[in-house]
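First the structure, which I've put down as structure tokens, then a few questions once you've had a look.
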Amino acid sequence: MSFTKRHSGSFVTAITKKGNRMKSKLMKSLPVLLLLAFTVAGYGQQSVTTAKWTGATQWTAASADLLFPALPYSNNALDPAIDPLTVEIHYDRHHRAYYNNFIKAISGTDMAKEPIESLFARISELPVSIRNNGGGFYNHVLYWENMKPGGGGEPSGKLADAIVEQFGSYKAFTEQFNDAAKTRFGSGWAWLAADPKTHQLFIASTANQDNPLMNTEQKNGVPLLALDVWEHAYYLKYQNKRVDYITAFWSVVNWDEVSRRYEAFLGKN
Amino acid sequence: MNFEFPALPYAYNALEPHIDATTMEIHHTKHHKAYYDKFVAAVQGTELESKRLEEIFAAISKAPAAVRNNGGGLYNHSLFWQILSPNGGGAPTGKVAAAINEKWGSFEEFKTKFNDAAANRFGSGWAWLSVGADKKLCVCSSPNQDNPLMDVHDCPGTPIMGLDVWEHAYYLKYQNRRPEYISAFWNLVNWEKVNEFYEKALR
């Protein structure tokens, strides 16, 4: 996932959109496209830095330096599990608005210098706009990253072992996760997370844009897999049938990314 | 049991173009109906089944979440359909018009307050005009399917007008543009009905 300085974000998105129109040809040359985006974004603007998205390590940056990352695939890449229009509006309107509102809310305050995850750890004492928009920004980055075209299947390696150890089987894990996603009333998220104290995996659901890193949650942990169950995540295609969306989600899960997050968690905890 | 799933008082396409027919149909036959079914299932065989919804809400903090969520969903949507009308819109009439002016100075100022409540409700919820215990009007919002009759609500009262701001209420037509949906809502408000509810709440 590329990471682009926010005032050049719209430009990169423009290129991404152009890429969508040209579809398959350009998608095959995605690395070239991203390189082009970096290169062009670097022209004509002062002190523009572009950084390659390196997953969770990026979150250690000061909040004010966080960038709005490009979508790691085209709008139609998750079809038919998630339709292109939903991806486009979800990423370009909802997600972008959370990012912009978050940056606005921290700008000129001490929070600007603090990493976003450390803001989450004391979110109960911060303005509600930080909780809602910071959460909205962060959660969606995880969500986009933990999906990919041609995803699905089952996890492997240490993550697979940990899932079986904690839940008994992969199937039992998906059933518990599905329950969390189905029974979250109103807007929210379902999570697979890891507890830094016990190293155990656990499933949670959070309201609105809260997440397991926030000190307002009863149980805290490092998020590994995120599923957005706000109606905006699925309503255009699935309407009231949230269950069908949850089922379809499993066909696009990017287990490599979830594993990478788990390994990073083990490395740090 | 005295709970009913009400028919819509107009056709699904009657509120076009402000609320589209597909949204109305899914909203009524799927969402509202599911709240009704789940509420009935939750209270059946319990002491709650012989009570009125208003009584249940007055002690909702002691009831299971399924009663709160689905009972709220049943009641709120039943009220919502009634305060909408294909012949709605315009300025309020009757006693409620005078009460709005008394409280907010003008209809426009009231609308601004109500719009703010609807736009700023984060996540799923409702915006309300309600009558408090002091018989005064009050604008507020509630999360999910809560409402001002519930003993968990921070501005308790009797709702006389509600606006659903769950994404399911507007997403097919308006997507992320909730403010446009809120603007369109004012073309549909059945002020006669709101006034009727107001007078009833005063009694």
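Because the structure is a prediction, the values reported are computed rather than measured. Quick note on labels: first sequence line is chain A, next is B, and so on, each numbered from 1.
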For atom NZ of A/K241, is the number of surrounding heavy atoms from other residues, nucleotides or ligands below 6.0 Å larger than 12?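 Above 12, so yes.
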Rounded at 0.5 Å granularity, tell me how far CG in A/D92 sits from CG in B/N176.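 Going from CG on A/D92 over to CG on B/N176, the span is 9.5 Å.
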Close contacts, residues 107-127 of chain B versus chain A, judged by heavy atoms under 4.5 Å: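 Hits under 4.5 Å: B/F122, B/G123, B/S124.
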Step through the shown structure and confirm whether more than 12 heavy atoms of other residues, nucleotides or ligands are within 6.0 Å of CD on B/E54.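 Yes, because the 6.0 Å sphere around CD of B/E54 holds more than 12 heavy atoms from other groups.
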OG1 on A/T183 to CG on B/N69, rounded to 0.5 Å: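 Interatomic distance, B/N69 CG to A/T183 OG1, rounded to 0.5 Å: 10.5 Å.
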Look up atom CG in B/N70 and atom CZ in A/F185, then write down how far apart they are to the nearest 0.5 Å.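 It is 6.0 Å, given to the nearest 0.5 Å.
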From B/Q175 atom CD to A/L85 atom CG, the distance as rounded to the nearest 0.5 Å: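 The CD atom of B/Q175 sits 6.5 Å away from the CG atom of A/L85.
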Count the heavy-atom pairs under 4.5 Å between each of B/H31, B/H168, B/K30, B/Q145 and chain A, then report the option with the highest count.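 The candidate making the most pairs under 4.5 Å is B/H168.
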Got more than 12 heavy atoms from elsewhere within 6.0 Å of CG, A/D110?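 12 or below, so no.
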Residue-level contacts of residues 210-220 of chain A with chain B, using a heavy-atom cutoff under 4.5 Å: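 Checking residues 210-220 of chain A against chain B gives no residue, so none.
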Take a 6.0 Å sphere around NZ of B/K38 and say whether it holds more than 12 heavy atoms from other residues, nucleotides or ligands.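 Count not over threshold, so no.
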Near B/E192 CD, under 6.0 Å, is it more than 12 heavy atoms from other residues, nucleotides or ligands?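 No.
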Tell me if the centroids of the rings in A/H94 and B/Y171 come within less than 6.0 Å of each other.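 Yes, the ring of A/H94 comes within the 6.0 Å limit of the ring of B/Y171, centre to centre.
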Should we count CD of B/E47 as having more than 12 external heavy atoms under 6.0 Å?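 No, because the 6.0 Å sphere around CD of B/E47 holds 12 heavy atoms or fewer from other groups.
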Would you compute the distance between atom CD of B/E167 and atom CG of A/L236 and round it to the nearest 0.5 angstrom?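 Reported value, rounded in 0.5 Å steps: 10.0 Å.
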